[in-house]
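If you're wondering where the values come from, they're calculated on a predicted model, not measured in any experiment.
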Amino acid sequence: MKNNLFFSLLFILSFSTLTVFSHLFSPLDNYLINSGSTLPTTLHENRPFTGDLVSKPSFSTSSRPLFINNQNPLPNLPPIYNTARVFTKPTKYSFPIKNKGTHLVRFHFHAFNSSNLDLGRAQFQILVDGYVVLSNFTRFVTDCQTNPKVVEYLILVESEKLVIVFVPNQDSKLAFVNAIEVISAPKDLVPEKAQYLSSGNLKSFDGLNNQALEVVHRVTVGGPKVTPFNDSLWRTWVPDFEFLISSVGSEKYYFGGRINYRVGGASREVGPDNVYNTARLIRSKNDSVPNVNMTWVFPVVGGYKYLVRLHFCDIASISMRLLYFNVYVNGQLALEDLDLSLVTDSLASPFYADFVVDVDVSIGALSVTIGPSKSSIPHVIDGMLNAVEVMKLNNTHKSLDGDVCADFVLKSRRSRGNTGIFLTLVAAVCIVLSLSLVIRRRIIESRESVSWSRLPVNLSENNVKG
């Protein structure tokens with residue numbers, strides 16, 4: 001009996017394990033680089049990072065390796081943050097691409113101090129496939145000195161290689177990176193279209209998948225932090241309490257059942273189970289619909305368009321066609337009388353809605369609000385949200401950080417170098433000219449002194465008077 005029970009449990013465990021692993025995403029392009037290291041490193045989620053100081057055909061750089069070690073690592077810090085590759089001049093990584101399309105590009109930074117260099121004074125720019133993704137690293141320095149900072153981008157790659165260039169600023173002449181990830185993304189991660197919300201009107205935003213995107217916020221609503229170990233794309237989702245400014249009348253909710261992923265809806269790569277099985281909701285507890293809203297405010301850099309991705313999964317309703325609510329983005333009505341069961345045709349089935357909004361330079365924040373609608377029903381759920389993602393879109397200069405294009409960054413760096421050479425040559429010419437003038441003057445003075453010495457010696461006093 002015990003043996004039968006043991007084998008039954010073993011079968012169930014094996015089946016569950018196979019089921020879990022059958023959902024793991026296996027990207028065709030999967031470059032995980034442990035910068036400044038000669039040794040491979042495996043993180044907790046069993047991802048092997050290759051040391052970039054070892055000669056490998058899968059990637060290449062255009063400068064000699066310069067690396068430093070973290071001699072006083074923080075406790076429980078992943079080993080990829082114990083080393084860093086340092087750049088004192090523009091340096092290029094080149095990754096062969098097998099699967100053209102959107103790629104996840106992540107940079108890991110930990111500005112630790114060593115006996116040789118202080119990474120905290122680094123100032124540099126990063127170019128990815130012709131986009132300026134980072135031009136002001138100093139805004140990350142404070143954070144990444146105490147804790148590692150991961151910056152993530154979604155870049156469309158249409159060639160056979162992806163090129164990353166680190167460009168140190170002239171002031172610091174120092175750039176660095178601890179680790180790099182280049183991963184081909186699932187085809188459904190960035191769709192072609194979104195809804196553009198402007199002045200209260202909705203219209204189609206075409207070519208979303210042609211834009212470069214920077215992940216600014218990735219937030220799970222009502223639940224704990226989701227780590228890369230629990231995400232098939234190795235992402236981190238932070239809890240929402242830091243951004244929630246209006247929660248009176250709302251409650252957290254956890255769902256213990258199975259998330260019903262379906263074709264045409266959100267996939268596991270768009271959002272993992274741990275994101276969709278928690279939510280924050282508005283519940284009607286009497287004969288009236290509560291007059292409350294849930295609002296989140298996310299700090300952003302103004303002057304850009306942003307993609308706001310809202311994740312929904314009705315895990316709390318007891319039946320279909322009972323949940324209706326409104327969705328507002330930046331104070332504008334984005335979805336009215338949203339009925340999740342009408343969209344998904346089932347309960348506990350996730351889907352997401354994408355909105356592109358403009359953020360004015362003077363504001364520097366965008367908001368998301370969930371509230372009951374005129375169709376909401378008493379005694380049931382009257383509002384729900386599972387997760388929010390906020391991503392910055394590149395501007396007309398193909399930049400995600402400033403108004404300077406990649407070509408200008410490279411040309412200005414070269415021109416500064418050429419200017420230095422030119423000034424050196426000018427200085428050398430000036431020195432040569434100065435020396436020649438001094439020598440000529442001395443020759444003239446010597447000639448003049450000789451001619452004056454002959455006259456008074458050879459003339460007698462009488463000759464002079466006469």
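- Ring-plane geometry between His217 and Phe298 is classed as tilted, the angle between the planes lying from 30 to 60 degrees on a 0 to 90 degree scale.
- With hydrogens and angles left out, the side-chain atoms of Asp360 and Ser362 include a donor and acceptor closer than 3.5 Å.
- Salt-bridge annotation for Arg139 and Asp401: present, with a side-chain N of the basic residue lying under 4.0 Å from a carboxylate O of the acidic one.
- Side-chain contact check for Leu43 versus Phe49: some heavy-atom pair is nearer than 4.5 Å.
- When every heavy atom of Ala212 is checked against every heavy atom of Ile155, the shortest pair comes out as CB-CD1, 3.7 Å.
- Nearest heavy-atom pair, Phe205 versus Leu393, reported as atom, atom and distance to 0.1 Å: CZ-CD2, 3.7 Å.
- Ring-plane geometry between Phe140 and Phe137 is classed as perpendicular, the angle between the planes exceeding 60 degrees on a 0 to 90 degree scale with a lower cut at 30.
- Side chains of Asn201 and Ser199: a donor-acceptor N/O pair is absent below 3.5 angstrom, by distance only.
- The closest side-chain donor-acceptor pair between Arg268 and Ser232, if any, does not fall under 3.5 angstrom.
- Ser250 approaches Met294 most closely through the heavy-atom pair CB-SD, 3.5 Å.
- Taking CG of Asp206 as the reference point, atom OG of Ser204 lies at 3.5 Å (rounded to 0.5 Å).
- Side chains of Tyr31 and Pro96 form a contact here, defined as non-hydrogen atoms less than 4.5 Å apart.
- No more than 12 heavy atoms of other residues, nucleotides or ligands shown are found within 6.0 angstrom of CD on Glu242.
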Next on the checklist: Lys392 vs Val300, test: side-chain contact (heavy atoms from CB on, under 4.5 Å). Steps then yes/no.
Outcome noted: CA-CA 8 Å; Lys392 185 196 298 181; Val300 296; over 6 Å; no
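- Residue Thr278 comes nearest to Asn274 through the heavy atom pair OG1-O, 3.7 Å, listed as atom of the first residue, atom of the second, then distance.
- Aromatic ring pairs are classed by plane angle as parallel below 30°, tilted from 30° to 60° and perpendicular above 60°; the pair Phe166 and Phe124 is tilted.
- Smallest separation of non-hydrogen atoms from His110 and Asn178: N-OD1, 2.6 Å.
- A salt bridge between Arg235 and Glu152 is absent, with no side-chain N of the basic residue lying under 4.0 Å from a carboxylate O of the acidic one.
- A donor-acceptor contact under 3.5 angstrom links the side chains of Tyr93 and Asp52, judged on distance only.
- Salt bridge absent: Lys100 and Glu158 never bring a charged side-chain N and a carboxylate O closer than 4.0 Å.
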